[in-house]
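Report on the following structure.
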Amino acid sequence: MLRSHHCGSLRLEDTTKKVTLCGWVQRIRDKGKVAWIDLRDRYGITQLLLEESQTAPKLFEQIRTLGREYVIRIHGEVVKRRMPNPKLPTGEIEVRLDELEVINKAKTPPFLIEDETDGLEELRMQYRYLDLRRPCMQKNLLFRQELMAKTRAYLTKNDFLEVETPLLIRSTPEGARDFVVPSRKESGHFYALPQSPQILKQLLMVAGMDRYFQFARCFRDEDLRADRQPEFTQLDCELSFMTQEEVISIFEGLVKTLFVEMKGVHLPDFRVMTYEEAMRLYGSDKPDLRFGMTFLDFTEEASMVACPLWPSPERVGGFVVKGGSRLSRKMLDKMQALVQEGTWAVDKMTYIKYGEEGIRSPLSKWYTEDILKGWGTTAGAETHDALLLIGGDKHATQEALGALRLAVIKTMEIKPSIDFAPLWVVDFPLLTWDDQTQRYHAMHHPFTAPKREDLPLLETDPSKVHSHAYDLVINGAEIGGGSLRIHDPHVQERVFAAIGIDHEKAWQQFGPLLSALQYGTPPHGGIALGWDRLCLVMQGGRSIRDYIPFPKNNAARDVMLGAPSLIPSS
C-alpha cells in the first residue's frame with residue numbers, strides 16, 4: 001500500500017504505531033535541532049516531527065529541499081505531542097519521521113493554499129485545482145455530497161424513483177436563452193441543453209412513475225450574479241395525485257430533515273404568505289423575514305396635503321428603521337441614488353427622523369410636526385428611529401421600498417433576529433403583462449395550473465388569474481419553486497391562447513406534451529430546489545461558486561479551461 005492511514009485519522013490511541021502517510025506539504029518549521037512538517041490530504045493534517053537526537057542527518061537534509069505543495073510519502077512512528085493543538089482532530093499526536101520520499105515536486109503556488117488565502121477570486125478560479133486543495137473548499141464539496149445522500153434517503157423512503165433525463169433535447173420558448181448544440185447528422189438543426197427537465201418530468205407522470213426525482217444539470221444563457229451560473233444543479237421532483245398542500249408538506253419535511261441532520265437546527269413550521277402580501281409588506285416575492293421592517297401605507301395621510309415630492313401617487317409607503325436617526329446625510333444620499341437609478345417609476349425618497357431634539361424631515365415644509373409625529377406613532381417609531389418613505393406607482397413603490405429596505409440592512413449592518421427564516425410564497429399571478437411585447441407572459445411557465453375558481457377570467461381579465469404556484473424562500477433567497485401542472489389539454493390550450501400561442505404554434509412547439517395530455521394524464525405537480533443555492537444558505541456562504549467544483553466567472557467564462565473557445569475546422 002502507498003499509505004496505511006489518512007492524514008486526518010490518527011489519534012492518541014494510535015501511539016507507538018508505525019504508519020505510512022501520503023500528502024502535500026502544507027508548511028515547514030525548521031528550528032535547527034528540531035523541525036516540523038504539516039502534511040495535508042483531503043481528510044486533515046498530521047504534524048511530522050524531526051529531532052536531531054533521534055533523526056538521521058540525511059532526513060534533515062531532505063526536508064530542507066522541500067517546498068510548499070510538494071507531494072511526499074513518509075514512514076514513521078506515532079508519538080504523543082508535547083504541546084497538543086486542540087484546534088486539530090490530530091492535535092494530540094505527531095509522527096516521528098523514519099523515512100521520507102518525494103513523490104512529486106511543485107512550483108510555488110500563486111496563492112496560499114489555506115482557508116485564509118491571499119488569492120483573489122479570479123486568480124483562484126484560474127487555478128481552481130489548487131483552490132480546491134484548501135480545506136474549506138473541500139468541506140464545502142463534502143457538505144454538498146452529504147446533503148445529496150440524505151436527500152436521496154428521504155425521497156427513497158417516500159417512494160420517489162430516481163430517473164435521469166437527457167441533456168440533448170428540443171428547444172422550448174418562454175424561458176431564458178438556450179445553449180444550443182449543432183447536429184452533425186442534420187445540417188441546420190440543433191439540440192438545446194435543458195433549462196430544466198420540465199416537460200420530461202411531466203411526461204414521466206403520464207408514464208405512471210407517480211413520484212420522480214433527479215439531481216438535474218440545467219443550462220441557462222443569462223446574465224450572472226453571485227447566486228447564478230450558466231450551468232447548475234437542481235433537485236428536480238414531480239408527483240402525481242397530490243394537492244398543493246401535500247406537495248408543500250413533503251418538501252417542507254425534506255428541508256426540516258436536512259437542517260436537523262446537517263446543522264442540528266430544528267426549524268419551526270414554515271410561514272405561508274401570499275404573493276400579494278409579500279409585495280405589500282416587503283416589496284419582494286422572496287422576502288427576508290429575519291429583519292422585520294414591514295411596510296405601512298401612508299397614501300391617505302400623505303394626500304391630505306399637496307406635496308411636490310409625490311404628486312398624485314398611487315401609493316405612499318414606508319417603514320421604520322430602528323436607530324435610523326443616526327443615518328448620515330451621505331448614507332441617505334446613497335439610498336436616494338439607489339431609488340432614482342432603479343427601474344422603478346417612483347418619485348423621490350424622503351425621511352422623518354425622530355431624535356431627542358425633535359423631528360427632522362424635508363417634509364416639514366409641507367406637513368406640521370403633529371402630522372409627522374402621528375405618522376411615527378402609527379408606524380411604531382420611537383426616539384432615535386427614522387421613518388423612510390417613497391411615493392409613486394403602486395407596484396413600483398413596493399419594489400423600490402424592497403430595494404431600499406435591503407440597502408438599509410446592508411448599510412447599517414443590521415444583525416438578523418434569527419438564523420433562518422423559511423417561508424412559502426403562494427398564490428402568484430398566473431400571467432404578467434409585458435409592455436415591450438404587448439402581451440401576457442407566464443410568470444413561472446405556461447404549464448402552471450390556474451386556480452379553478454379563476455378559470456373564467458382567462459379570456460376576460462387574465463391579470464386577475466392566480467396560479468397553483470409556490471416558492472420556497474429562506475433568508476431572502478429563493479431556494480426553489482414549483483406548481484401544480486395543467487393536466488387537462490383544453491385548459492392547457494386556453495393558457496397558451498392567453499399568452500399569444502395559437503393552436504398550430506402550440507402543437508409545433510409543445511407537441512409531445514399536448515399529445516401526452518390526451519392519453520390519461522393524472523393530476524400532478526412538482527418542485528425544483530436550487531442545490532448550490534441551498535448549500536449556500538445553509539452554510540451562510542457568499543457565493544454559489546464555493547459549492548461548484550469548476551464554476552464560471554461573471555462573464556460566463558471558464559478561466560481555467562479557457563472556455564468558450566474556437567473549435568478547429570478540421
Side-chain angles (χ1 to χ4, degrees), residues 175-176 195-196 218 220 222-229 232 234-235 244 247-248 251-252 254-256 258-259 267-295 317 319 338 342-344 394-410 414 416-430 432 441-445 448 466-483 526-544 547:
Q195 296 183 31
S196 81
C218 302
R220 296 178 188 176
E222 55 190 357
D223 296 333
L224 305 188
R225 53 184 185 232
D227 62 348
R228 184 181 287 172
Q229 282 279 298
F232 58 94
Q234 68 183 30
L235 172 63
Q244 176 174 307
V247 175
I248 285 176
F251 289 95
E252 182 171 324
L254 168 63
V255 174
K256 285 180 177 179
L258 295 178
F259 268 84
L267 296 176
D269 289 345
F270 296 4
R271 183 173 172 180
V272 178
M273 184 181 298
T274 66
Y275 170 83
E276 190 280 329
E277 184 183 7
M279 295 300 299
R280 177 171 53 83
L281 295 179
Y282 298 97
S284 171
D285 59 2
K286 47 181 185 293
D288 192 337
L289 306 184
R290 297 175 297 163
F291 300 95
M293 295 197 295
T294 54
F295 304 159
F319 60 93
L338 171 75
T343 57
W344 312 285
K394 178 183 175 182
H395 187 73
T397 296
Q398 290 175 338
E399 290 190 336
L401 282 169
L404 179 62
R405 176 177 178 268
L406 295 179
V408 168
I409 291 168
K410 182 177 180 180
I414 299 174
S417 59
I418 53 177
D419 291 331
F420 299 102
L423 77 151
W424 292 99
V425 179
V426 301
D427 291 355
F428 285 85
L430 181 73
T432 56
H441 291 260
M443 182 170 241
H444 283 77
H445 54 65
T448 300
H466 294 87
S467 68
H468 278 292
Y470 35 84
D471 281 0
L472 173 60
V473 178
I474 304 178
N475 296 358
E478 181 191 329
I479 301 301
S483 67
I527 193 169
L529 305 183
W531 203 248
D532 316 300
R533 199 175 293 178
L534 177 60
C535 292
L536 177 70
V537 170
M538 290 184 73
Q539 291 291 79
R542 293 175 297 177
S543 168
I544 62 171
Y547 296 89

Query raised in the report: How many angstroms lie between CG in D471 and CD in E478, if you round to the nearest 0.5 Å?
Result: 4.5 Å

Query raised in the report: Within a strict 4.5 Å, meaning less than it, do heavy atoms of the D532 and Q229 side chains meet?
Result: no

Report task. Show your reasoning for whether side-chain contact (heavy atoms from CB on, under 4.5 Å) applies to Q234 and S196. Result -> CA-CA 8 Å; Q234 68 183 30; S196 81; 3.6 Å; yes

Report task. Flag the pair I479 / V255 as yes when at least one side-chain heavy-atom distance between them is below 4.5 Å, and no otherwise. Result -> no

Report task. Could you check whether the rings of H444 and F428 sit parallel, tilted or perpendicular, using 30° and 60° as the cut-offs? Result -> perpendicular

**Report entry** Check: N475 side chain, D419 main-chain N or O, donor-acceptor pair, under 3.5 Å
**Finding:** yes

Query raised in the report: Do you know which two heavy atoms are closest between Y547 and Q539, and how far apart they sit?
Result: OH-CB, 2.8 Å

Report summary line: Residues R405 and M293: closest non-hydrogen pair is NE-O, 3.3 Å

Query raised in the report: Just by distance, do the side chain of R228 and the backbone of I544 share a donor-acceptor pair under 3.5 Å?
Result: no

Query raised in the report: What distance separates M279 CE from L401 CG, expressed to the nearest 0.5 Å?
Result: 10.0 Å

Report task. To the nearest 0.5 Å, tell me how far E399 CD sits from D285 CG. Result -> 8.5 Å

Requested in this report: Say whether, by atom type as modelled, one donor and one acceptor occur between the side chain of R220 and the main chain of Q195 under 3.5 angstrom.
Outcome: yes

Query raised in the report: So do the side chains of L529 and L254 get within less than 4.5 Å of each other, counting heavy atoms only?
Result: yes

Query raised in the report: Do other residues, nucleotides or ligands put more than 12 heavy atoms under 6.0 Å from K256 NZ?
Result: yes

Query raised in the report: Closest heavy-atom contact between S483 and A469?
Result: CB-CA, 3.8 Å

Requested in this report: Side-chain contact test, heavy atoms from C-beta onward, threshold under 4.5 Å: evaluate it for F291 versus V408 and give yes or no.
Outcome: no

Query raised in the report: When you measure from the side chain of Y275 to the backbone N and O of V426, does any donor-acceptor pair fall under 3.5 Å?
Result: no

Query raised in the report: Considering all heavy atoms of both residues, which atom of T397 and which atom of G317 are nearest to each other, and what is their separation?
Result: CG2-N, 4.2 Å

Report task. State, to 0.1 Å, how close S543 and L536 come at their nearest heavy-atom pair, and which atoms those are. Result -> N-CD1, 3.3 Å

Query raised in the report: Would you call F319 and L404 a side-chain contact if the rule is heavy atoms closer than 4.5 Å?
Result: yes

Report task. Would you confirm whether S417, through its side chain, and R290, through its main-chain N or O, come within 3.5 Å as a donor-acceptor pair? Result -> yes

Report summary line: NE2 of H468 to CG of L430, rounded to nearest 0.5 Å, is 10.5 Å

**Report entry** E252 (side chain) donor-acceptor with F270 (main chain) under 3.5 angstrom
**Finding:** yes

**Report entry** Where A477 and V537 come nearest, the two heavy atoms and their spacing
**Finding:** CB-CG2, 3.8 Å

Query raised in the report: Does some side-chain heavy atom of M273 sit less than 4.5 Å from a side-chain heavy atom of L289?
Result: yes

Query raised in the report: Can you tell me how far CD1 of I248 sits from CD1 of I527, rounded to the nearest 0.5 angstrom?
Result: 7.5 Å

Requested in this report: Would you indicate whether the side-chain heavy atoms of L258 and L534 approach each other to under 4.5 Å?
Outcome: yes

Query raised in the report: Do P287 and T294 have side-chain heavy atoms sitting under 4.5 Å apart?
Result: no

Report task. Before giving the answer on side-chain contact (heavy atoms from CB on, under 4.5 Å), spell out for L267 and F420 the whole-Å C-alpha distance, their side-chain angles and the decisive distance to 0.1 Å. Result -> CA-CA 8 Å; L267 296 176; F420 299 102; 3.8 Å; yes

Requested in this report: Mind telling me whether Y470 and W424 have parallel, tilted or perpendicular rings, with 30° and 60° as the class edges?
Outcome: perpendicular

